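Below is one structure, written out as structure tokens; comments come after it.
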2 protein chains.
Amino acid sequence: MSESTPAYKAPLFEPLARQPASHRIATVIEQKILRRSLRPGDDLPTETELAEQFAVNRSTVREALRRLESAGLVGREGGSKRLKVTRPGHAETASRVGRTLALDDVTFIELWEAMRAVAPRVAALTAEQGSAADVAQLEAIVSAVETARSADGAVNQVVEFFGKLAELSGNRVLQLAMQPVTRLLAPSLRRMIDRVPQGRTRILVAQRCIVEAIREHKPDEAESWMTRHVQDFRRGYELAGIALDTKVGVGSMAD
Amino acid sequence: MSESTPAYKAPLFEPLARQPASHRIATVIEQKILRRSLRPGDDLPTETELAEQFAVNRSTVREALRRLESAGLVGREGGSKRLKVTRPGHAETASRVGRTLALDDVTFIELWEAMRAVAPRVAALTAEQGSAADVAQLEAIVSAVETARSADGAVNQVVEFFGKLAELSGNRVLQLAMQPVTRLLAPSLRRMIDRVPQGRTRILVAQRCIVEAIREHKPDEAESWMTRHVQDFRRGYELAGIALDTKVGVGSMAD
DNA sequence: ATAGTCCGATTGTCGGACAATATAGTGCCC
DNA sequence: GGGCACTATATTGTCCGACAATCGGACTAT
């Protein structure tokens, strides 16, 4: 393949951008929100008012509002009629990221690598700050993993374990990073547990060690246990005879 | 606060969800896309056709389409009129995540911790697979960092360095995770460079070491150099006398 | 083949309309 | 005065019909 730019024609002129009014209106309101002129909880003007202010038809305003609504920047609370400014929820954002990744056909190994990077640090952070109450919550989840009757239940609890860990770490960035990954990884975990019987107990052991390290405030131990735990997960996957470049499906994106 | 559930009234019945038609239509189409019945590149029917099929007015269809458009699930290519199914672009998703985090007032330390977790692994992965061409690209960026005239230019190139690294790692999950973090971190980096003169050369040194480790396919070295690099960044931040719990602003969310 | 012209299809926006219902009064009773 | 039913108003969700702009093609002349 010729690597050089085709020199076809230097893009002498940009394609001038003619955005529809609804788009521009959405952008303007969005900027107001991002710049904190409009803050979460504030009421938006009514559609009619907005239409007057922007000097456009109400239909046009509505399209802009649907845009913002979909972006999670505005929404309703309760059965209310009025639109309020809202901060995009983590859950929603995470699910959107998950969709993006799923539609991109990311592979198991890519997700696993992300897990490999994030989870140990999360464990370490939690071990640094975790309170007794936190440990109790984690233990509750671990025993739920143990006593779960169905495989699906167990998997859900494992996901919950990671989620709670991220929450307790107090780091919202890592929390947001972890959420889509665990969600997308869940179906793989499910298959793995089905095919590798000892997998579940191995998970339990690892979780216990991690929780123990957190209880004793030993970040390094928590981190290394988590690293082993994640690596063990991968080994289980290989044991189950599943290719590492398996594409994760849309699965569990019920929304 | 009374922790027990108020027992106020057992929610015998859910508040039945009466979603507006536009919302339901968006959901139906979204499902079709997620289930791959509609695949990226496919043309959507025209608004009039959709209106007929759903037996609603065209305005209603339009609101649904604006929703999907904002979600990045459909869009136009070129100056075309027809809507096509598109996969949500990484850039767009990343910028959305960035917005969520910014509106959440995440602090510098949270972002840094994410960087601390992800960047070293990314460097290691790239070192495993990096080709000579890849190394050349990284070197180009490093020298751009060196020769950048303005501080802003240098910062942008540093962001670019991390972005390219993530891209070369071949892991789209990590790439997507890294993008919003570096973007949000950029303003802090800018301030740091302003106040700590030697910061820039330290960054250069670290980058050179990292690239070198990648060239020689030494993942462990790349990882540990990157770890040091990230930690150095934090030290610079402290040196600059900026509090670790500084909230990152919306900054650089020009979109 | 290229450029010019014409026409139908499609989108973006408009103005007006109406049913359903959330919200704000308003009056009534205790 | 406070609580409650009831009414009036405002607001949203949806529909209808319309029109300018423009995109996509077809068709033609060079």
Side-chain angles (χ1 to χ4, degrees), chain A residues 6 8-9 11-30 33 38 41-86, chain B residues 8-9 11 13-30 33 38 41-86:
Chain A
Y8 197 58
K9 216 194 298 189
L12 177 53
F13 291 113
E14 303 287 320
L16 57 82
R18 280 186 323 279
Q19 294 176 324
S22 68
H23 192 301
R24 270 175 297 160
I25 290 176
T27 307
V28 169
I29 299 180
E30 175 186 326
I33 295 177
L38 281 170
D42 289 1
D43 275 351
L44 261 86
T46 66
E47 294 176 353
T48 318
E49 280 170 331
L50 285 173
E52 283 173 11
Q53 295 181 17
F54 286 112
V56 298
N57 191 284
R58 191 161 73 97
S59 313
T60 308
V61 169
R62 292 190 114 251
E63 295 194 22
L65 289 179
R66 293 299 87 77
R67 268 202 163 78
L68 295 172
E69 210 173 2
S70 164
L73 288 173
V74 306
R76 268 174 253 280
E77 281 167 8
S80 170
K81 207 159 227 186
R82 207 64 170 278
L83 272 176
K84 279 177 178 311
V85 177
T86 63
Chain B
Y8 196 58
K9 217 195 295 185
F13 290 114
E14 303 286 322
L16 59 82
R18 282 188 322 280
Q19 295 174 325
S22 67
H23 192 302
R24 271 175 297 159
I25 290 177
T27 308
V28 169
I29 299 180
E30 174 186 327
I33 295 177
L38 280 170
D42 289 0
D43 275 351
L44 260 84
T46 66
E47 295 177 352
T48 317
E49 281 171 330
L50 285 174
E52 283 173 11
Q53 295 181 17
F54 285 112
V56 298
N57 190 279
R58 190 161 75 96
S59 313
T60 308
V61 169
R62 291 191 117 249
E63 295 193 22
L65 290 179
R66 292 300 87 77
R67 267 203 162 78
L68 295 172
E69 208 174 4
S70 164
L73 289 172
V74 308
R76 269 173 252 282
E77 281 168 7
S80 170
K81 212 159 224 186
R82 206 63 172 278
L83 273 177
K84 281 177 177 307
V85 178
T86 63

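If you're wondering where the values come from, they're calculated on a predicted model, not measured in any experiment. Below, read A as the first sequence line, B as the second, and so on, with proteins coming before strands; counting in each chain starts at 1.
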Intermediate values then yes/no, side chain to side chain contact (heavy atoms under 4.5 Å, CB included), B:K84 and B:D42: CA-CA 6 Å; B:K84 281 177 177 307; B:D42 289 0; over 6 Å; no
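- B:L50 places its CG atom 14 Å from the P atom of D:dC15, with the value rounded to the nearest Å.
- Whole-Å rounding puts the B:L44 CG to C:dT10 C1' distance at 14 Å.
- Proximity of B:T46 to B:R82: side-chain heavy atoms (C-beta onward) are separated by under 4.5 Å at one or more points.
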For nucleotides 11-20 of chain C, 5' to 3', base contacts (B), sugar-phosphate-only contacts (S) and non-contacts (-) with protein non-hydrogen atoms under 4.0 Å give BBBBB-B--B
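- With hydrogens and angles ignored, the 3.5 Å screen pairs a side-chain donor or acceptor of A:R24 with a backbone N or O of A:Q19.
- A salt bridge between A:E63 and A:R66 is absent, with no side-chain N of the basic residue lying under 4.0 Å from a carboxylate O of the acidic one.
- Atom-to-atom, CZ of B:F54 to C1' of D:dT14 comes out at 16 Å; the value is rounded to the nearest Å.
- Note that CG of B:L65 is 10.0 Å distant from CZ of A:R67, once rounded to the nearest 0.5 Å.
- Computed from coordinates, the B:I25 CD1 to D:dT14 P distance equals 8 Å when rounded to whole Å.
- Per the geometry, CD belonging to B:E49 stands 12 Å off P belonging to C:dA9, to the nearest Å.
- In this structure, CD1 in A:I33 is found 6.5 Å from CG in A:L44, a value given to the nearest 0.5 Å.
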